[in-house]
Amino acid sequence: MSLRGLLALSCICISATLSVLRLNQCRRLTEALLFRDFHVSLEIPNDRLCPPVRVRLNYILWLEDILQAARLAEPLDTPPEAVTGIDVGTGASAIYPLLGCRSNPSWNFVATDVDEKSLHHARLNVQQNCLQERISVIASDPAGPILLHLFNLENRIRDPRAKYDFTMCNPPFYSSREDVLHSAEVKESEPTAVCTGADVEMITPGGEANFVCTMVRESLETRAQCRWYTSMLGKLASLTDVVALLRAETIDNYACTEFVQGQTRRWAIAWSFGDVR
């Protein structure tokens with residue numbers, strides 16, 4: 001079955017088999033679906049985010065489409081090359097690198113996080129899937145850059161080739177604990193999931209829009225050293241803020257999309273300094 005078929009099947013399984021409010025069952029179901037459909041063995045700690053497989057898979061499929069479209073612009077005799085992506089904030093599950101590598105044999109990842117517990121479990125999950133040769137888990141400094149430390153900026157002039165093919169990120173949504181509580185209060189319907197994430201996974205100064213805008217500003221230094229910079233966003237207003245910054249910086253090669261699974265709605269943005277659109 002295709003990945004898109006598995007995505008639809010996972011939606012049916014989750015909605016039909018149990019209430020998503022039962023935390024332990026959700027974790028076990030997520031682990032079972034990943035093992036059955038992707039041969040990914042995963043252990044999710046109880047005090048870290050349990051990643052919804054459907055939305056994560058949607059993001060991977062969108063990246064595949066972007067890279068495939070970019071390849072159409074290359075000469076027909078161009079040999080296929082290994083793909084290397086950056087996952088910013090990989091979390092304890094390292095779900096994106098694991099899904100990406102299982103679905104695409106030519107993919108490799110550099111996965112970052114600022115939380116020691118998440119880094120520890122991410123490395124364990126990578127090791128138990130025997131993917132440590134393709135996925136490197138790296139600690140980032142919470143007070144340091146998001147992307148810049150992953151590039152050798154001194155060599156970018158001598159070596160004009162792109163070092164990475166894409167970045168991906170599911171940034172912390174909220175700007176403060178008060179922001180989290182306010183968001184829960186203003187929801188019009190009952191929650192369809194319970195968030196078990198730690199503050200380090202959910203909260204960042206300025207919220208998700210500020211986080212991704214920082215990525216945009218850092219990409220102005222690395223530019224074509226990465227083919228496509230991307231991030232997911234949880235609020236349409238955040239997408240508007242990021243697009244406004246791209247336009248202000250005269251970055252006109254960008255694309256937006258929307259992921260809708262059941263009652264869950266997310267947006268994603270991609271931008272590039274290359275010529276392929």
Side-chain angles (χ1 to χ4, degrees), residues 10 13-14 17-60 85-103 109-144 146 168-174 176-177 179-181 183-184 191-204 207-208 211 231-232 234 261 264 266:
S10 296
C13 289
I14 289 179
T17 54
L18 58 89
S19 166
V20 294
L21 298 178
R22 299 173 184 170
L23 297 180
N24 289 333
Q25 289 94 330
C26 278
R27 294 180 186 282
R28 302 295 83 79
L29 177 60
T30 296
E31 292 166 355
L33 286 173
L34 285 168
F35 185 77
R36 184 196 67 180
D37 295 338
F38 303 99
H39 307 292
V40 168
S41 177
L42 194 67
E43 293 183 6
I44 307 169
N46 291 332
D47 58 350
R48 291 298 184 269
L49 285 172
C50 178
V53 178
R54 300 166 294 170
V55 178
R56 269 51 175 185
L57 179 56
N58 245 340
Y59 194 174
I60 292 290
I86 297 173
D87 178 26
V88 176
T90 197
S93 65
I95 183 67
Y96 286 127
L98 292 174
L99 273 180
C101 286
R102 277 287 186 258
S103 305
F109 275 87
V110 174
T112 73
D113 211 291
V114 299
D115 176 49
E116 286 299 328
K117 182 167 186 177
S118 293
L119 287 163
H120 171 72
H121 284 278
R123 291 183 178 117
L124 290 179
N125 282 320
V126 169
Q127 290 171 5
Q128 73 179 11
N129 286 278
C130 301
L131 287 170
Q132 57 267 39
E133 296 299 318
R134 295 170 58 194
I135 303 173
S136 300
V137 180
I138 296 177
S140 292
D141 183 352
I146 299 172
M168 64 187 313
C169 178
N170 183 24
F173 282 3
Y174 304 106
S176 64
R177 172 54 59 178
D179 189 16
V180 177
L181 297 175
S183 177
T192 57
V194 173
C195 181
T196 60
D199 282 359
V200 69
E201 298 176 288
M202 298 166 53
I203 299 171
T204 186
E208 62 175 5
F211 191 94
S231 182
M232 189 157 64
Q261 295 294 326
T264 301
R266 296 290 183 266

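Computed from a prediction, not measured in an experiment: that's the story for all the values here.
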Could you report the tightest heavy-atom contact between [X] and [Y], atom names first, then the distance?
X	Y	result
Asp47	Arg27	N-NH2, 4.4 Å
Glu208	Gly234	OE1-N, 2.8 Å
Thr30	Cys50	OG1-SG, 3.5 Å
Ser140	Thr112	OG-CB, 3.4 Å
Ala122	Thr90	CB-CG2, 4.1 Å

Residue pair Cys169, Phe211: steps toward the side chain to side chain contact (heavy atoms under 4.5 Å, CB included) verdict: CA-CA 10 Å; Cys169 178; Phe211 191 94; 3.7 Å; yes

Intermediate values then yes/no, side chain to side chain contact (heavy atoms under 4.5 Å, CB included), Arg266 and Asn58: CA-CA 10 Å; Arg266 296 290 183 266; Asn58 245 340; over 6 Å; no

Heavy-atom donor-acceptor pair, Asp87 side chain to Tyr96 backbone, under 3.5 Å: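 Side chain of Asp87 to backbone of Tyr96: no pair is present.
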
Backbone of Ala139 reached by a side-chain donor or acceptor of Asp113 within 3.5 Å: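 Flag not set: sc Asp113 to bb Ala139 has no pair under 3.5 Å.
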
Within-4.5 Å side-chain heavy-atom neighbours: [X] and [Y]:
X	Y	result
Tyr174	Thr204	no
Pro51	Ile44	yes
Phe38	Leu99	yes
Met202	Pro172	no
Val137	Phe109	no
Met232	Val55	yes
Leu34	Ile95	yes
Arg48	Glu201	yes

Can you tell me how far [atom2] of [Y] sits from [atom1] of [X], rounded to the nearest 0.5 angstrom?
X	Y	atom1	atom2	result
Cys101	Glu133	SG	CD	11.5 Å
Arg102	Ser41	CZ	OG	9.0 Å
Arg36	Glu31	CZ	CD	14.5 Å
Arg28	Leu33	CZ	CG	12.5 Å
Leu98	Ser103	CG	OG	10.5 Å

Glu43, CD: over 12 other non-hydrogen atoms inside 6.0 angstrom: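 Atom CD in Glu43 is not crowded, with 12 or fewer foreign heavy atoms closer than 6.0 Å.
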
Candidate list Ile135, Asn129, Val110, Val126, test side chain to side chain contact (heavy atoms under 4.5 Å, CB included), partner Pro97, passing option: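 Only one option passes, and that is Ile135.
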
Gln128 and Leu124: CA distance, side-chain angles, deciding distance, side chain to side chain contact (heavy atoms under 4.5 Å, CB included) verdict: CA-CA 6 Å; Gln128 73 179 11; Leu124 290 179; 5.8 Å; no

